[in-house]
Enquirer: 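Shown below is the structure under consideration.
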Amino acid sequence: MRRWARSTHPGRHDQQRDRRSPLRRRGCRRRRDRAFLAAAGLFLLQAGGAVTGGTAGLGLLLARGTGWPFAVLYVAVTLPFVALAIARKGWRFAVRSGIAVALLAAFSLAHPHLLTVARIDPLYAALAGNLVVGMGLLVLFRHGASLGGFNVVALVCQERLGWRAGWVQLALDGAVILLGALVAPLSTVAVSAAGAVVLNLVIALNHRPGRYLG
């Protein structure tokens, strides 16, 4: 009977594969949308001259100091953390994160050519930019990906040591923002620190270990 029941549904596995294909496509769209969201937040930060944390912050600082494109520097700084993601989080997480990093870099190259900001208040740029970046990161975390860099370290510490990812990233971001004092006025560093608190509060209060299976 069991064998006969199986034979009456010859296309069951094909139907399951067909159902999984839209899910994969939706996953790709989610990563694209969240990378776009994070890139938009970084554009606000860059337009306001604000400093932020993470490898994105390091990329912005290096771009300001060297004149090189942010996207190139961001990818270069992030590569060692992608290797860490492969070792600690597995290939699936690393590939998802690599795609998100590449999308963020591509959107970061496009935004300056598509948007022109004549004036933006630095405090607004720091707070709104970090809020938008935090929202993008949060959704990436929930779906088993990150933007590389300190995100990977924060997630590994959360899973291995039980430390909240937001608090770990806040400490690391604070170190980067302090480095920003070397190339930016202290007033800019102060508002950037407030923005980093906003970003990491979004993650710390909303991303809990074991809540999502990604």
Enquirer: In the single-linkage hydrophobic clustering (I, L, V, M, F, W, Y; side-chain heavy atoms under 4.5 Å), do F70 and W68 co-cluster?
Expert: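 Shared cluster, yes.
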
Enquirer: Is there a donor-acceptor contact under 3.5 Å from the side chain of R64 to the main chain of G180?
Expert: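 It does not hold such a pair.
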
Enquirer: Which is it for I86 and W91 under the side chain to side chain contact (heavy atoms under 4.5 Å, CB included) test, yes or no, and what are the steps along the way?
Expert: CA-CA 5 Å; I86 295 172; W91 279 98; 3.7 Å; yes

Enquirer: Output every pair passing ring-ring contact (aromatic ring centres under 6.0 Å, His included) with a member in residues 43-66, not counting sequence neighbours, ordered by first then second residue.
Expert: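 Matches after skipping sequence neighbours: F43-H111.
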
Enquirer: Ignoring hydrogens, what is the shortest heavy-atom contact between A56 and L42? Give both atom names and the distance.
Expert: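 For A56 and L42, the tightest heavy-atom pair comes out as CB-CD2, 3.8 Å.
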
Enquirer: In the structure I gave you, are the side-chain heavy atoms of Q158 and V168 within less than 4.5 Å of one another anywhere?
Expert: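 No, their side chains stay 4.5 Å or more apart.
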
Enquirer: Measuring only between side-chain heavy atoms, which start at C-beta, is P122 closer than 4.5 Å to T188?
Expert: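 Side-chain contact under 4.5 Å: no.
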
Enquirer: Judged by atom type as modelled, is there a donor-acceptor pair below 3.5 Å linking the side chain of D173 to the main-chain atoms of A196?
Expert: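 No.
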
Enquirer: Nearest heavy-atom pair of I120 and A125: which atoms, and what distance?
Expert: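 Minimum heavy-atom separation between I120 and A125: CD1-CB, 3.9 Å.
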
Enquirer: Is a donor on one side and an acceptor on the other found under 3.5 Å between the side chain of S108 and the backbone of L104?
Expert: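 Confirmed, S108 side chain pairs with L104 backbone.
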
Enquirer: Determine the minimum heavy-atom distance between A181 and L186, stating which atoms define it.
Expert: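 A181 and L186 have their closest heavy atoms at CB-CD2, 4.3 Å.
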
Enquirer: Mind running side chain to side chain contact (heavy atoms under 4.5 Å, CB included) on Y74 and V101 for me, showing each step along the way?
Expert: CA-CA 9 Å; Y74 168 66; V101 167; 3.7 Å; yes

Enquirer: Taking only residues two or more places apart in sequence, or in another chain, which ones meet T116 in a side-chain contact (heavy atoms from CB on, under 4.5 Å)?
Expert: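 Scan of T116 (side-chain contact (heavy atoms from CB on, under 4.5 Å), adjacent residues dropped) gives none.
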
Enquirer: A126 and V191: which non-hydrogen atoms are nearest, and at how many Å?
Expert: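 Scanning both residues, the minimum pair turns out to be CB-O, 3.4 Å.
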
Enquirer: Looking at residues at least two apart in the chain, or sitting in another chain, which of them share a side-chain contact (heavy atoms from CB on, under 4.5 Å) with L61?
Expert: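 Partners of L61 under the side-chain contact (heavy atoms from CB on, under 4.5 Å) test: V51, V176, L179, V183.
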
Enquirer: Take atom CG in L182; do more than 12 heavy atoms of anything else shown fall under 6.0 Å from it?
Expert: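 More than 12 heavy atoms, drawn from other residues, nucleotides or ligands, come within 6.0 Å of this atom.
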
Enquirer: If Ile, Leu, Val, Met, Phe, Trp and Tyr residues are connected whenever their side-chain heavy atoms lie under 4.5 Å apart, and connections chain through other members, are V132 and L114 in the same group?
Expert: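 No, V132 does not connect to L114 through the hydrophobic network.
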
Enquirer: What's the spacing between L44 CG and L131 CG if we round to 0.5 Å?
Expert: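 If we round to the nearest 0.5 Å, L44:CG and L131:CG are 10.0 Å apart.
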
Enquirer: Can you see which heavy atom on T78 is nearest to which on T55, and at what distance?
Expert: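 Scanning both residues completely, I find the closest heavy atoms to be OG1-OG1, 3.6 Å.
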
Enquirer: Is I99 reachable from V72 through a run of hydrophobic residues whose side-chain heavy atoms are each under 4.5 Å from the next?
Expert: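 No; I99 is not reachable from V72 via cluster members.
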
Enquirer: Which value, rounded to the nearest 0.5 Å, describes the distance between L60 atom CG and L45 atom CG?
Expert: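 Output value for this atom pair is 7.0 Å.
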
Enquirer: Side chain to side chain contact (heavy atoms under 4.5 Å, CB included) for L137 and L199? Distances and angles first, verdict last.
Expert: CA-CA 9 Å; L137 282 175; L199 186 156; 4.1 Å; yes

Enquirer: Report yes if the side chains of F81 and V153 come closer than 4.5 Å at any heavy-atom pair, otherwise no.
Expert: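 The answer is yes; the side chains approach within 4.5 Å.
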
